[in-house]
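Contents: one structure, followed by commentary.
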Amino acid sequence: MSYSSQVSFTINGESRVLDVDNRTTLLDALREHLHLTGTKKGCDHGQCGACTVIIDGRRVNSCLTLAVMHEGDAITTIEGLGKPGDLHPMQAAFVKHDGFQCGYCTPGQICSSVAVLEEIKANIPSHVTADLTAATTVTEVEIRERMSGNLCRCGAYSNIVEAIVEAAGTRA
Amino acid sequence: MQFDTPATTNPIDQLTIVGQSIPRIDGELKTTGKAIYAYEWDEENIAYGHPVGSAIAKGRITSMDVSAARNADGVLAVVTTLDVGKREKGKQNTANLFGGDEVQHYHQAIAVVVAETFEQARAAAALVKVDYAEEKGVFDLSEAMKTAVKPKDAGGAPPDTAVGDFDAAFETAPVSLEETYTTPDQSHSMMEPHASLATWDGDELTLWTSSQMIDWWRTDLATTLGIDKEKIHLKSPYIGGGFGGKLFLRADAVLAAFAAKAVKRPVKVALPRPFLVNNTTHRPATIQRIRIGAERDGTITAIAHESWSGDQPDGQLETAVMQTRLLYAGKNRMTAMRLAELHLPEGNAMRAPGEAPGLMALEIAIDEMAEKLGLDPVEFRILNDTQVDPEKPERPFSHRDLVGCLKRGAEQFGWSTRGKPGTRREGDWLIGTGVAAALRNNLLVPSAARVRLDQDGVVTVETDMTDIGTGSYTIIAQTAAEMMGLPMDRVKVRLGDSRFPVSAGSGGQFGANCSTSGVYAACVKLREAVIQTLGFNASEVVFENGTVRSGTRSVPLAGVAGPDGLSAEDTIEWAELSDSHQQSTFGAHFVEVGVDIATGESRVRRMLAVCASGRILNPITARSQVIGAMTMGVGLALSEELAVDTRRGFFVNHDLASYEVPVHADIPHQEVIFMDETDPISSPMKAKGIGELGLCGVSAAIANAIHNATGVRLRHYPMTLDKLLGGLPALS
Ligand code: FES
Ligand code: FES
C-alpha cells in the first residue's frame, strides 16, 4: 500500500514537485525535503508559531497542515522575504531593534508580522479592535494581540513590537 | 593570563568599539533563516531517530517487545535501553540519560527507533511495547519536606549559615514577620527543542547539537559512550535558547550517537516538544520560610531564610537562600536549606538558579515588612543596605550600587506618586505599583581563546564559547576589534566547536565577562607577537585604525603577518580576588500592574529595570538580556507552573499550550537603565554578568504591585486569578 502522493506548489516563486509521505507536514516538507530550514520547528503542535509561513497571503502554522493539502498554492518562507545583504524591511527592522536573541522564533515572528500588516491593511479585525466600523490601524495593542501566537522564550517582545511599528511606517 | 590584581587602564578602556551599541553580527543570518541549528545540518543519507520514553516514574523494565516496531515500514533499527545496558553516567547528570533497566523518572529515554523518514520513525516508536515492574515513588514536596535532610553542600557553599543570635533577636524585635512562600516547578521551555545529528567515521564521532557548554557535553558524552573524549567532535554554533536547560548532556545526543552507530549512517534525533519537560531538567519547586525582625525605625536586627526543595537521589538543592546571605544588613541572621528525595524528573539549573526563586520570596517579605513598619519599600531597602558581606564583614563588595539603582529607578518610574493599597482605580482596573531589589553573584570561570591575524589584516577568533542568544558573537568581535585596533568587519568569530580552546561556556551569567576576558588575554599575546615581529618598543605601541604605531613609525596590520598568519592562544584564570571581595551584580525592578476587579486577571502595564552590573559591553545585547529576563519574570509571577501528578509522578502540562510562557499580549514596553560603572576587581573587561540579573526580583515586584493594586497579599506563585478573586473588593 502506498502512503505517498505527489504535490506541486510554488515556494518563494519557484515551482516545486515533491513526492511525500501523506503524513508529512508542510513544515517537514520544507525543512527535510527542500532543505529550507529557515522555517523552524518549535513544537510541531501549533503551539508556538516558529513554523509560520505565508500561503497565498495568509499566515499559517506549517506544522499544522499537511504538504499534500497545498497543491497549486504559493508559499512564502523566510528565505523568500530577503537574504543577507538584501533584507526585507521587516528583517532589517528586526536587526536594528534587536527583535530576537537566540533567533529560533525569529523567522516565524518575521513571516507573521509581514502578514499581520497585510491583515490590518485589509481591515481584518482582531480581538482588541474596538470599532468594527472604522478602518483598523497599526497600533502596539493591535500588534501585540495579533502576534500572540508567536512565542519568544528569549523574551524579545518589546523590541519586536518596535521593529514592526517601524517597518509599518517605512512600508506606508 | 592570571587575573590576580584589579585591572588598571588597558586598551578596552578606549571604548571605541566595546561599550558601543553595535547590532548583532549574526543578525542578518538569524533574520533570514540562514543561521543553521543542530537539526538542520545536511549530511548524505540521514536517517531519523525518534525517542521512546518511560511510561512510569520509577521502577524497572522487565521486558521490551520491539518486533512490531522493527517490522514497520522504513524502520532500520530499534536501539533499546536494555540493548546498550547500564552506562557510566556523565558527571554533570543526576539521572541516567539512557542505558540499563532502571527507570528513574517519567519519560526517561528507553529506546530510539530509527527509520528512513521522520514519519516512519514516529509511527514505529508508538509500537514499542514495554513491561515494567513499577515501584512506589515520592512526588509531593509538601509531604517529602518532612523527611528532608541537610545535604553536604549547596553548590560549593554551606547549606546552613548563622551569625549572631537570630532566635533571641527575633524574639525581642519590636516589629517582626514570619511567613511561608512557595514557588512551583518551572520549565526552561526554550524554543528550540534539544536536537542532535550524529555521524560516525570509524571510531570517531561528529555530533552537531544544541549545547550551552561544549566541553561539559563532550566529556560526559565520552563517559556515557565509553569512548575517549578525543574521538568526539562536537559542534554547536547556533543554539535556539537554553536558559540552563542545555547546560548538561541530554538524551538526544546519546540516542543519536547509539542510533548512528547501529545503522552506520548519520542519524538525527530531536526531542518532541511534549517530551521535553519530563525527559530533561526543570527548576525545582521550593517552600521557603522567612522571618525578619526590625527596630521601629526600620533597622533589620534579625533575618532568617529557610528553604526546602526536592530532587532525584544524589541530586541538588535549589539554593533559594543564597541572596539573603548578602542582600541586607542585620546583625543576627541564619539561613538553612534542606533537600527532599523526590522521583520527579531531574531538578537542575534554570536561569538564575537559587536567586530567582529566592528573591521571589524574599522580596515579597521585605515589602510586607516595610508595610508593617509604615515605611516606603524603597526607603526600607536603602536603610538596610550593606557595603560588606553581612556574614563576613571583613569582606567588602567589589562594587555595590543597589542604592543607586533604587533611587534612579524610583525617580524614573515616578514612584513618589504611589498610593496606599487598593486606592487607585481606572474603570474596571485596580492599579498598583511594586518594587523589588535584584542581586545575582558574578561568577568567574576560566576561559580560553585563540586569535589569528592573517596577511590581509583580518583577525579570526576561535573559542568553544556558545551564543545562546546572549550576543557572544558580537561582544567577542568587539573585544578583539578594540584590542587589535580594527573595525568590526575585520574580525571573524567562530564559536561552539570542540576543536577550539575551552571557554567558560554559557551559564550562570558568567559567559560574557569570562569569554571576552579570555579573548582579551589571547589578544594581549597577539599584540606582543605583532610588536615582536615589527621590532617595536612595546611600551609605546598603539593599535588603532588598522595600524600599529610606535612613535613616528606606523605600519598597517595587514601585511604584518606572513602567509601562515600570526596566532596566539591564552586562558584567563581567576585568582584570589573573589575571596577578598564579594562580587555581585545589583538591580531594582519597578512594575505597574492592573488587576481586573471582576475577574482578578492581572496585566503588567509598565516595567523598568535599573542594573548595576559593571561595564556594559554592548548596550543593545545587554538590554535584550535584561528585557528577556523581565519577560520570563512575568511568566514566573503570573502563569508558569509545572503541575505535578502526585500519584503517577510526572509533570502533566508538558507542552507549550499548557505550560504558559508569556506571549506578546502579556508584555508592555520595557525600559532598562544601566548604571554607568566599571568593576576593575571583576576582570580586565571591568564587566560583570547581566543575563540573569534581569530575572532576579522581577516576579516579586509584580506580586508587590498586585498587593498595591488590590490590597491582597499573595505568597504562592504563580499569582493566578483564582488566588486573587476571594480577596477582591465587592463589585459596585
Ligand atoms: S512548530 Fe508549528 S506552531 Fe510550533
Ligand atoms: S529569539 Fe529566542 S525564542 Fe525568540
Side-chain angles (χ1 to χ4, degrees), chain A residues 3 21 23-24 28 31-32 35-48 50 77-79 81-85 87 90-92 94-96 98-107 110 128 140 143-162, chain B residues 23-24 26-37 39-40 42 48 73 117-120 122-123 188-193 238-243 270 272-274 467-471 620-621 623-625 627-632 655-657 661-670:
Chain A
Y3 295 105
D21 189 313
R23 297 167 295 186
T24 304
D28 283 328
R31 285 168 64 84
E32 307 303 328
H35 300 293
L36 290 169
T37 55
T39 308
K40 303 302 181 196
K41 185 186 281 190
C43 68
D44 220 8
H45 287 70
Q47 302 168 344
C48 76
T77 69
I78 190 72
E79 291 92 345
L81 290 179
K83 350 183 202 323
L87 300 183
M90 189 65 78
Q91 292 168 322
F94 268 65
V95 174
K96 178 175 164 193
D98 213 34
F100 59 93
Q101 291 169 39
C102 76
Y104 201 76
C105 74
T106 314
I110 291 173
V128 297
E140 292 187 357
I143 292 171
R144 288 192 188 107
E145 169 61 25
R146 290 168 193 262
M147 291 297 294
S148 283
N150 289 87
L151 304 184
C152 175
R153 185 55 159 167
C154 293
Y157 297 130
S158 185
N159 288 355
I160 292 172
V161 171
E162 282 177 26
Chain B
R24 286 171 205 261
D26 49 344
E28 293 211 337
L29 291 178
K30 284 182 172 174
T31 54
T32 57
K34 296 291 182 201
I36 310 285
Y37 297 80
Y39 199 72
E40 300 164 358
D42 205 6
Y48 291 79
D73 268 356
T117 72
F118 171 70
E119 293 78 16
Q120 291 166 336
R122 183 181 55 192
H188 310 86
S189 289
M190 74 297 283
M191 290 296 299
E192 181 206 23
Y238 291 99
I239 298 115
F243 315 111
R273 177 60 63 177
D467 189 330
I468 58 173
T470 37
I620 293 181
T621 53
R623 179 176 175 279
S624 282
Q625 283 295 290
I627 65 168
M630 290 157 80
T631 300
M632 191 177 275
D655 62 24
L656 289 170
V661 306
V663 304
H664 273 277
D666 297 323
I667 303 299
H669 173 76
Q670 294 165 320

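Naming: A, B, ... by sequence-line order, numbering from 1 per chain.
Atoms OG1 and CD, from Thr39(A) and Glu40(B) in turn, are 9.5 Å apart once rounded to the nearest 0.5 Å. For the atom pair CG of Leu656(B) and SG of Cys48(A), the computed distance is 6.0 Å after rounding to the nearest 0.5 Å. Here Cys105(A) contributes atom SG and Glu192(B) contributes atom CD; the two are 12.0 Å apart, rounded to the nearest 0.5 Å.
A heavy-atom distance below 4.5 Å is found between the side chains of Lys34(B) and Glu79(A). At a threshold of 4.5 Å between non-hydrogen side-chain atoms, the residues Tyr48(B) and Glu32(A) count as touching. Between Leu87(A) and Glu28(B), the closest side-chain pair of non-hydrogen atoms falls below 4.5 Å.
A salt bridge is defined here as a Lys NZ or Arg NE, NH1 or NH2 lying under 4.0 Å from an Asp or Glu carboxylate O, and Arg273(B) with Asp44(A) fails to meet this definition.
Taking the six-membered ring where tryptophan is involved, the planes of His664(B) and Tyr157(A) are tilted, since the angle between them lies from 30° to 60°.
Nearest heavy-atom pair, Arg153(A) versus Met190(B), reported as atom, atom and distance to 0.1 Å: CG-CA, 4.0 Å. A pairwise comparison of heavy atoms in Pro662(B) and Leu151(A) identifies O-CD2, 4.4 Å as the closest pair.
Between chain B and the residues Ala92(A), Gly38(A), Cys154(A), the most heavy-atom pairs under 4.5 angstrom are made by Cys154(A). Ranking Ala123(B), Pro274(B), Pro23(B) against chain A, the residue ahead of the rest is Pro274(B), based on heavy-atom pairs under 4.5 Å. Ranked by non-hydrogen atom pairs under 4.5 Å with chain A, the options Gly469(B), Ala657(B), Ser189(B) are led by Gly469(B). Put simply, of Ile239(B), Ile36(B), Thr470(B), Thr117(B), the one with the most heavy-atom pairs under 4.5 Å next to chain A is Ile239(B).
Listed for the Ser158(A) side chain is a donor-acceptor partner under 3.5 Å among the backbone atoms of Gln670(B). Listed for the Ser148(A) side chain is no donor-acceptor partner under 3.5 Å among the backbone atoms of Val663(B). The main-chain N or O of Ser624(B) is found under 3.5 Å from a side-chain atom of Gln101(A) such that the two form a donor-acceptor pair.
Only the backbone of Pro668(B) comes within less than 4.5 Å of a heavy atom of chain A; no side-chain atom from C-beta onward does. Using a 4.5 Å cut-off between heavy atoms, Ile620(B) touches chain A through backbone and side chain atoms alike. Heavy-atom distances place both the backbone and the side chain of Asn159(A) under 4.5 Å from chain B. Looking at Asp98(A), both its backbone and its side chain come within 4.5 Å of chain B, counting heavy atoms on both sides. In this structure, the portions of Asp655(B) lying under 4.5 Å from any heavy atom of chain A include both its backbone and its side chain. The part of Thr631(B) that comes within reach of chain A is its side chain, from C-beta onward, which places non-hydrogen atoms under 4.5 angstrom from that chain.
A cation-pi arrangement is not found for Arg31(A) relative to Phe118(B), the charged atom failing to lie both closer than 6.0 Å to the ring centre and inside a 45° cone about the ring normal. Annotation: cation-pi pair Lys40(A)/Tyr238(B) absent, no NZ/CZ under 6.0 Å from the ring centroid and within 45° of its normal.
For the residue pair Tyr3(A) / Glu119(B), no side-chain donor-acceptor distance below 3.5 Å is found, with atom types taken as modelled.
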